[in-house]
Structures are given as structure tokens and as C-alpha cells.
Amino acid sequence: MIKKVVGKTISSIITIILASMIVFGVVRFIPGDPVKIIIGSVGELSSKDSDLYNQKVNSLREEYKLDEPVVIQYVAWAKRAVSLDFGKSMKTRRDVKDELAERLPATVMLSVAGIIIEFVLGLIIGMLSAAYYDKLLDKILRLICVVLISIPGFVVGLMSIYYFGVINKVYSISVGSTAGKLWLPAMVLGLVGAPKIARYIRANILEELGKGYIVAEIARGYPKWKIVKNAFANSIPIIITYLLYSFTTLIGGAVVIENVFSWPGLGAYALESVLNHDYPAIQAYVCITVLMIVVINYINELIEIFESCRR
Amino acid sequence: MDCVEIKNLKVSYGKGNYEKEVLHGININAYTGKITAIIGESGSGKTTIGKTIQGILNENANVEGKIRINNIEYDLSNRGYKREARKKIASTVFQDAKLSLNPNQKIKKQITENYDTTDRSLSKKEYVKKVKVLMQEVGLFDIERILNSYPRQLSGGMCQKLVIIMSIIKNSKLLIADEPTASLDEKSQQEVIKIIKELNRKYGLTIIYITHDLGLIDNVADSLVVIKDGQIIETSDDIKNLKTDYAKDLFMAKEKTWFKNATGKSKLLEVNSLSKSFSGNKILDDINLDINQGEVLGIYGPSGQGKTTFVRCLTGLNYYDKGFIRVGSHPVYNRMQISPSFVQMIFQDAKASLNPRKKIFDLLMEPLALNKNVDHKEKTDLVNHFLELVSLSGHEDKTTESLSTGQCQRVAIARALISKPKLLICDEAVSAQDVLLQNQILDLLRSLQEKLDFTILLISHDKKMLFNYCDRVVKIENKKLVKQEGKNV
Amino acid sequence: MAISLLIAILAMTLFGPVLSKYDVAKQNAADRLLLPSKTHIMGTDRFGRDIFVRLLQGGRITISSAVTALILAVCIGIILGMIMGAYENKIIDIVLLRVMDVLLAFPFIVLAMLVVTFIGTGMKNLVLCIVIVYWIPFARVTRKIVCTEKQSVLYEAELLLGKRPWKIIVQAILPKIIQIVLVQSTFELASIILSLSALSFLGLGIKPPSPEWGSMLSDGRAHFLMYPHLIAGPGLAVVILVFTINLLGEGLRDYFDPYQKVELID
């Protein structure tokens with residue numbers, strides 16, 4: 001078993017390294033001279049005054065080691081990245097690190113709230129669906145799930161803003177991420193993700209319910225709730241794995257929702273950066289996200305290994 | 001005499017034009033305090049009977065019929081009956097004990113969970129005490145250790161005994177045993193059967209014993225019900241005096257023997273100090289065996305202890321780690337070195353080993369297609385010849401979907417033999433079929449052996465059949481090979 | 001659910017491609033300003049363009065790009081999956097598995113952002129984004145099927161006969177793969193359409209004046225608080241399209257793979 005753990009650790013690290021290479025590569029190899037791009041978009045030296053301009057160009061060249069082989073550039077960049085120094089945002093000229101740190105709490109709030117709602121809703125729907133398999137309740141719940149899955153997150157978001165913001169005036173439509181405003185975007189996130197979880201839980205419980213020991217328990221006359229409880233208990237490891245996995249997809253979904261609700265989190269920041277061609281910021285965001293995802297997957301795989309060793 | 005009466009039980013699946021009837025109005029009397037055996041082959045409907053009585057038949061089954069217990073008559077399709085049946089009336093012991101226990105709960109927890117479904121005439125403490133007493137009665141002495149274990153840490157036999165305990169402690173009127181020993185090794189089988197007989201004797205428990213294995217019921221059952229294709233063929237209290245031909249054939253078939261081949265033929269292949277491990281677990285340890293040309297060799301042994309792995313090494317589907325297998329003067333290691341014209345194999349599930357999208361004719365052509373030297377006309381003739389040999393001429397345009405299991409097995413045999421192998425390995429190839437069909441296939445193999453001259457290696461868990469059929473029988477148990485001679489002619 | 005299947009198929013064939021074939025010219029109608037419904041079934045947007053017509057146009061774009069992406073993803077996925085399964089645990093399998101891991105380490109939208117940063121927006125690039133990610137589920141499933149089937153009786157029997165492994169894979173295993181991938185591809189198609197819209201909505205995909213539904217929604221954001229019909233139209237369109245596809249998928253899946261269960265009674 002130790003062998004497997006070590007193997008997974010190594011492969012996770014390799015994944016991180018490869019992913020970081022891609023991040024670095026994509027940004028570095030955008031067509032055009034990177035230095036001119038860095039200078040140009042700020043606009044300070046658009047006068048192209050010879051001396052000042054060349055000075056700046058040279059100093060930047062040195063800073064980013066642009067005259068050295070690519071590998072060295074990557075290593076330099078990676079070294080800085082590990083210490084969370086991603087340079088300065090090209091737009092605001094502030095440390096990217098600081099900007100990310102500012103935005104982080106908002107996203108964390110939203111993500112955590114979102115996943116709690118998502119999971120609770122999904123669990124309830126999934127278990128009910130499985131327990132009343134093929135009865136009316138199941139069919140209704142499944143229909144609702146299919147409808148919910150078909151609506152894109154941003155449509156739900158826009159519609160809910162309209163409904164709660166304009167018609168009912170319960171929600172204030174403004175920029176900012178106060179706790180009071182958390183409920184609507186979190187609910188939207190939760191609603192959008194719940195059907196997937198519900199479907200997965202339903203399938204897993206149904207599969208568990210088909211197993212031999214369940215039949216034996218039914219034959220012995222165990223009450224319904226006990227049987228479902230036992231089936232559920234045996235499905236927990238798988239469900240936890242899925243929970244962690246859906247956290248990773250949530251990171252992506254958050255971008256859209258943050259945009260719709262003007263929620264100043266990491267996702268919105270990332271989008272702005274892309275549209276503004278703010279490369280250091282993009283690099284930083286992607287790195288952080290990738291790191292989170294790989295870590296979560298790694299934990300998942302560890303859980304799986306422990307489970308399979310237990311058998 | 002007082003009994004559990006099943007009246008006119010009909011079970012079918014599907015609706016309208018797609019309705020398929022599985023049980024056609026059967027009547028059974030199971031006398032109180034006696035063991036009634038229901039004998040039938042797979043697919044005959046015997047398990048359906050058991051499930052209906054227990055009230056756990058699938059939701060989509062259409063059930064009609066009545067059951068009378070202790071002078072109360074119930075409707076078998078009634079939900080109320082199903083509830084009663086599960087809680088009070090009947091208990092079932094299933095075939096695979098390990099699957100009947102919750103793999104993630106300790107035995108102790110499962111037994112105490114069971115308490116809630118009893119009639120609670122005992123207090124919980126008394127209940128636990130009684131369980132421990134019963135455990136000793138059935139031969140489980142290491143009580144504390146067993147109670148604190150998970151099912152995967154116990155043997156199949158122990159699990160089955162625990163399941164039996166959990167069933168009888170409910171004081172149900174009826175115990176249904178559906179192939180309770182089929183997955184167990186010989187020793188555990190005998191122990192479990194002994195326990196069942198004891199339960200019947202000591203507690204006067206009415207037992208319905210469902211099985212396909214006639215050899216078992218001889219010393220166990222008081223009365224016998226023979227079922228085929230959803231109909232009762234015969235009911236009898238006296239096993240020696242059966243009236244219907246089918247039932248008689250069924251019993252006779254068990255006794256059939258075949259003549260032995262003349263001994264003294266040359267050696268076909270030699271296995272020397274063979275060892276194999278899978279990820280650190282040793283499966284085979286120092287196996288030595290000579291296989292002679294033209295003989296019929298049987299291999300039996302407990303499941304999971306190396307029989308199949310061994311023959312797979314012979315075919316090259318698995319590599320082996322130590323020792324060697326020698327044919328003539330060449331050692332063989334893997335599939336690449338063994339040609340299809342040396343060894344072929346037929347499997348337990350013949351239908352699954354045949355591509356369902358191809359016609360029989362094409363299936364038989366395939367092995368020949370790899371040989372470019374023979375022209376098309378010759379190949380066609382060869383295929384037709386083999387079809388005739390297995391009595392399937394005229395079926396060449398069909399696919400396996402429309403064939404019976406027996407026919408599928410014959411196609412598999414033809415396909416294997418068309419490459420003219422010197423060795424044919426039959427991995428439980430007749431185990432899934434009823435005795436009559438089994439004998440047909442065995443006969444076929446023998447007659448083909450005479451015509452085509454190859455060696456047969458037959459794996460089965462049916463020791464008696466092997467001793468009747470083979471020249472020699474060996475046992476592979478616990479990684480080693482134990483030689484045992486067959487009966488001499 | 002089978003009846004829904006039929007309705008779904010009907011609905012899909014009526015909408016989208018058929019109707020949107022005409023009305024091509026109308027898109028550049030006279031510039032009228034914001035107007036709610038009546039003469040225009042769904043109103044007009046802020047440039048005075050009829051929303052309904054744009055929906056139909058956009059439908060063609062959305063569906064064609066989604067289907068293109070799907071077909072490419074399925075083909076690549078199945079082929080790579082078969083290779084991975086056939087050479088299980090050999091170098092090519094391990095390498096491809098790593099590639100999948102790395103690609104999956106990026107949330108889809110983030111990956112799309114990277115790609116857009118690199119090669120810009122536009123329909124072709126959008127389809128590329130999707131194919132880069134969506135081949136993975138198909139490859140995974142294919143690989144799993146191949147690996148499982150390699151243990152099956154059929155595979156081993158045919159191996160013994162002397163058949164080459166690839167031939168067995170194509171003849172016996174591929175049909176199984178296609179059946180399962182068929183069901184899966186309906187669900188993935190729905191997902192692709194949602195992703196396309198989301199990307200366009202965020203501005204990373206097909207840009208205005210192209211009437212892709214996602215970008216129509218993003219267009220409408222400016223004024224939708226007062227004129228919700230700007231959102232209702234494209235929103236509804238996306239929902240209905242994806243919904244019918246999902247129903248189709250559910251129906252297919254139930255047809256191939258129903259559950260068997262014993263009734264739980266208290």
C-alpha cells in the first residue's frame with residue numbers, strides 16, 4: 001500500500017510541474033515581444049523616447065531573464081512562483097500576490113456556502129429518489145433534476161437577480177461581497193450543482209441496494225429506513241470522493257457566478273485579467289487553481305487507496 | 001398431516017405480448033417438521049419458489065397463488081403477506097454467505113441489528129446469550145474473535161453458519177435454504193448439511209431445501225419435489241421409488257460411468273516445479289505433472305486455489321514464475337510460443353465465449369482463416385464436417401442468440417477442435433448445466449476424442465463425476481497438487 | 001420516460017435547423033430601439049434587432065459548433081481510449097493518463113481562458129477549447145471498457161484461437177463501446193452546449209454581432225433589469241435545447257440499463 005501512496009504522490013507532483021509549464025509556456029509564448037507587451041499596455045513610455053525607453057527595455061529584459069534559454073526562464077519563474085511572487089499586475093501595477101489575497105476571502109465564502117447548499121440539497125434529493133425508486137416521488141425529483149441541469153448557471157443567476165432584485169426587491173444589486181448578499185449567489189451555485197450530486201448519489205445507493213446483503217436484510221424483514229441507512233453507510237466513501245471532486249468543478253462555476261453577481265472574488269479577477277491581457281495575473285490565478293485541484297484530487301486518490309486496502 | 005401448502009402458484013414477468021411465465025401453477029406440500037427438497041436445474045424455477053414464499057420476489061413479477069400455514073391462508077401477491085413472511089413466517093439462507101453479510105459491519109453489530117426484527121420475546125441480553133450458545137452448537141468456538149471480525153476475515157463456511165444462526169433465532173416457522181452449500185469447500189459443505197439436519201431434528205424446524213445437486217439430498221431430505229421448466233414433474237416421499245422418467249433419468253445420470261482408455265501412451269507434456277504468484281501471493285507452489293497423450297485427466301479442488309490458474313499457464317494466458325512446462329523438447333512460457341494447434345480451451349459460459357454478432361459458420365471459419373495455405377473450398381468442407389460432428393448441421397446461419405446453452409457449448413467445442421489441437425482443456429465446461437445435458441456433452445467429448453485423437457483435461461468441482469469419467473484425477477488444493485487415482489476398469 | 005423521448009426528438013427536429021434556414025436577410029433590419037413584444041415575437045434588443053430571428057440564427061451556430069466539437073471529441077476519445085486499453089500499463093497508456101490528469105487539473109473555464117489568451121476568441125478557437133477537454137470522458141470510458149473486456153471469456157477464447165488482439169478489440173469490443181458512448185455523448189452534448197454559452201456569455205467565445213445565445217445574454221445584461229425580455233428569449237432557448245437533449249439521454253440510458261430491485265416494505 002505504501003507503494004501506491006508514494007506513486008500517487010509522485011504523479012501528483014509531476015502533474016503540478018507539467019501544468020505549471022503549460023501556464024508558463026502559454027503566457028510566455030504569446031505572439032509578440034513580451035517586453036513590449038508589458039511596457040506597451042501601461043502606456044507610460046509610449047513616447048518611445050530613445051534612452052529612457054531602451055533603459056526600461058533592458059532592465060525588464062534582465063528582470064525576466066529574457067535573453068537566456070527558455071528552461072532557465074522557466075526555472076526562474078517557477079522559483080518565484082513557489083514563494084508566491086507572481087510579479088506585478090500589468091494593469092494596476094500592484095503585486096499580484098496582494099490582489100489575489102484581497103479577492104480570496106470572497107471566493108472562499110461563496111465556494112464554501114455553495115458547496116454546503118449543493119451537498120445538502122443533493123443528498124436529500126438523491127436519497128429520497130433512491131428510497132422511492134420508480135415511484136411518483138422519484139419521477140418528479142428526476143424531472144426536476146433534468147430541468148435544473150439544463151439551465152446554465154448564468155441564466156439562473158440573471159433570472160434570480162431579476163426576480164429577487166427587481167420584483168421582490170429583497171436583494172440589493174450592487175457590487176460588493178458582504179455576508180448579507182451571500183445568500184443569493186450561494187443558492188444559485190447550490191441549485192446548479194445539486195442535481196449532479198443528487199443523480200450520482202441516487203445511482204450509487206441504487207447499486208448498493210442491489211447487493212446481496214441488502215437482499216438478506218430485506219428477507220429478514222428489516223424496516224425500510226434501516227436498509228437505506230445501511231446502504232448509505234456503505235456508500236459514504238464514494239460520496240465523499242465525489243464531494244471533493246465537485247468542489248473542483250465548483251471552482252470553475254464560481255467564475256461565471258461571480259461575474260453575474262458582480263461578486264469581487266478570484267473568478268471575476270481572473271476574467272478581468274484575461275480580457276485585459278494582464279498576464280502575470282492570469283498566471284497566478286491559474287497556478288493557484290491548478291494547485292488546489294491537484295491537491296484535492298490527490299486527497300481523493302489517497303482515500304480510494306485506503307478503501308481498497310481495507311478490503 | 002400438518003404442512004405448509006402452496007396452492008397453484010403462478011409467476012410471470014412482463015405484460016401482454018411479452019409476458020413470460022416462469023411458474024405454471026405449482027402445488028407443493030412441505031410437511032411440518034420435515035425437510036422437503038426441491039430439485040431442479042438452473043432455470044427450472046426453484047429459486048423463484050423460494051423467493052415467493054419469502055416475499056422477496058422482484059417488483060415487476062406478477063404473482064398469483066396462495067399459501068396456507070398453520071391453517072391461515074394468505075395470498076402470495078399480497079403486500080401484507082410479504083411483510084409477514086419476512087418478519088415472522090420464513091427465513092432464507094442464500095448461496096453465497098459472504099455476500100449475505102454487510103461487508104463493513106462487524107459481526108457483533110449485525111447480530112444485534114438483527115435483534116430488532118425478532119419478536120422480542122427475549123430481552124437483548126438473553127438474545128445475545130442465546131446467540132453465543134447457538135454459535136457453540138454449530139461449531140464456532142472462538143466466539144469473541146468471530147464477533148469482532150468483519151465478514152471478509154472469516155471463511156465461507158463460518159459465514160454461512162452465522163447466517164443460519166441469524167435466521168433460526170427469529171423463530172420463523174419455515175427455513176428456506178437456497179443452495180446453501182454450493183459455494184463452500186467439501187468440509188464446510190458437510191458441516192453445514194449436518195447443522196441443517198440437526199436443526200430439523202432438535203427444533204422440529206420445517207425446512208425447504210432447494211438445490212440442483214442430487215447427491216446431497218439422499219441423506220438429507222424426507223420428501224422430494226422435482227421441478228423442470230416451471231412445472232412439477234414429480235413429488236415423492238421415497239427416493240428409491242421414483243415414478244417419472246425424467247426424475248429417474250436425473251438420478252441415474254449421476255451414476256453414469258465411462259470406460260477408461262488404455263494406459264501406457266506416450267507423454268504429451270511435462271510440468272516441472274511450476275510456481276506462480278500474483279502480486280506477492282503464491283497461487284501455485286511446485287506443481288509436477290505429466291500429461292499423457294490421449295488420456296482423460298480430471299482436476300478438481302476448492303474454488304480459488306489454483307486449478308484455473310494452472311490450466312491458464314498451460315495455455316499461455318498466464319505466465320508462470322518458476323519451473324517449466326515442456327512439450328517435446330521445447331519449454332513454453334506464453335501464448336506466443338504455444339500455437340493454437342497445440343492447446344485449446346472451452347469455458348464454463350460457452351455463450352459468452354462466442355461473438356454474438358457472428359454466424360456460427362463464420363465462428364468456425366475464424367480459426368481456419370489464419371492459415372493461408374488451405375484454400376476456401378477445403379475450409380468450407382472442414383467447417384461443415386465439424387458442424388456434423390457436433391450435430392449442428394443446418395444451424396450454420398444462426399447466431400448464438402437463438403441457440404440453447406447446450407448448443408452453444410457444442411459450437412465452442414467445434415470451434416476449439418477445428419484447429420486440431422492436441423490438448424483440449426475444459427474449464428468447468430459442463431458445470432453450469434443440468435445433469436442430463438452434462439452427460440450429453442461428456443459423451444460428445446469422448447466420441448470426438450476417439451475420432452480426432454486429442455487429450456482431454458477436465459476441470460470440475462464435481463468429484464464424483466470426475467471419478468466416473470476420467471482415466472486419472474488429480475486434486476489441486478492449497479497451491480499444491482495431490483495425485484489421486486481413478487477407478488480402474 | 002419513453003414518451004418524453006419521442007417528444008424530445010420531435011421538438012429538436014422542429015426547432016433549430018429547419019426554421020432557421022430562412023430569415024437570413026432579416027437580421028440587418030432597420031435600426032429600431034428597444035421594444036418589447038407583439039409584432040416581434042420576443043421583442044428586439046438594444047440595437048433594434050428582432051430577438052426571435054437572432055435566436056434561430058444563433059441556434060444554427062450553437063448546434064453546429066456543439067455537434068462538430070462533439071464528433072471530434074468522440075472520435076479522438078474513442079481512438080485514444082482504445083489505444084490506452086490495448087496497451088494498458090505500457091508507456092503510451094501511462095503518458096496519456098498523465099496528459100489527462102494535467103488537462104483535468106484546470107477547471108474548464110480556466111483552460112478556456114488560457115487558450116483564448118493564447119490564440120484569441122472566435123468560433124473555431126472555441127470548438128478547439130472544447131475538443132481539448134471533452135475527449136477525456138470518452139477516452140476514459142473506452143479505456144475502462146477495453147480493460148474490462150480484456151479479462152472476458154470472449155477475449156481469451158479468441159486469443160487462444162490465434163486471433164490478433166486488435167482484431168478482437170475491433171470486432172467484439174467496439175460495438176459495446178459504441179453503445180455506451182452513444183448514451184454518454186448525449187449528456188456530453190448538453191454539457192458542451194452549456195459550456196459554449198457560458199464562454200460566449202463571459203466574452204471568451206463567439207463575439208457579437210454573431211447571434212450566439214450566450215453572447216446575446218451578455219448583450220442583454222446592460223438593460224435587462226428594465227427589460228427582462230432581453231434575457232428571457234435566449235435563456236429559454238438554451239434551456240429547452242439542453243433539456244430535450246438530456247431527456248433523450250435519460251431515455252436512452254433507461255432503455256439500455258434498467259435497475260432491478262426488490263420492493264422495500266416497512
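In the text below, chain A, chain B and the rest are named by the order of the sequence lines, each starting its count at 1. As a basis for the values below, the full set of heavy atoms in this structure was taken, side chains included, without hydrogen atoms, waters or symmetry mates. Bear in mind the structure is a predicted one, so any value in this text is a computation, not a measurement.
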Decide if atom NZ of A:K196 counts as having more than 12 heavy atoms of other residues, nucleotides or ligands within a radius under 6.0 Å.
-> no

In this structure, OH of A:Y213 is separated from CG of B:L101 (nearest 0.5 Å) by 11.0 Å

Got a sec: does the OH of B:Y13 have more than 12 other heavy atoms crowding it under 6.0 Å?
-> yes

Indicate yes or no: at least one non-hydrogen side-chain atom of B:N114 is less than 4.5 angstrom from one of A:E217.
-> no

For residues B:F94 and A:A216, report the shortest heavy-atom separation together with the two atoms involved.
-> CE1-CA, 4.0 Å

Heavy-atom closest pair (A:N234 atom, B:P103 atom, distance to 0.1 Å) is ND2-CD, 4.1 Å

Checking B:K87, B:Q54, B:M166 against A:R220 for side-chain contact (heavy atoms from CB on, under 4.5 Å), the one that qualifies is B:M166

Flag if over 12 foreign heavy atoms under 6.0 Å of NZ, B:K129 | no

Side-chain (A:K211) to main-chain (B:L99) donor-acceptor, under 3.5 angstrom = no

Any chance you could measure A:I218, atom CD1, to B:T92, atom OG1, to the nearest 0.5 Å?
-> 12.0 Å

Please walk me through it: do B:E113 and A:N230 pass side chain to side chain contact (heavy atoms under 4.5 Å, CB included)?
-> CA-CA 11 Å; B:E113 251 191 6; A:N230 280 342; 3.3 Å; yes

Go through the atoms of B:S100 and report whether side chain, backbone, both or neither lie under 4.5 Å from a heavy atom of chain A.
-> both

Is chain A contacted by the side chain of B:D96, its backbone, both, or neither, given a heavy-atom distance below 4.5 Å?
-> neither

Heavy atoms from other residues, nucleotides or ligands near NZ of B:K276 exceed 12 (cutoff 6.0 Å) = yes

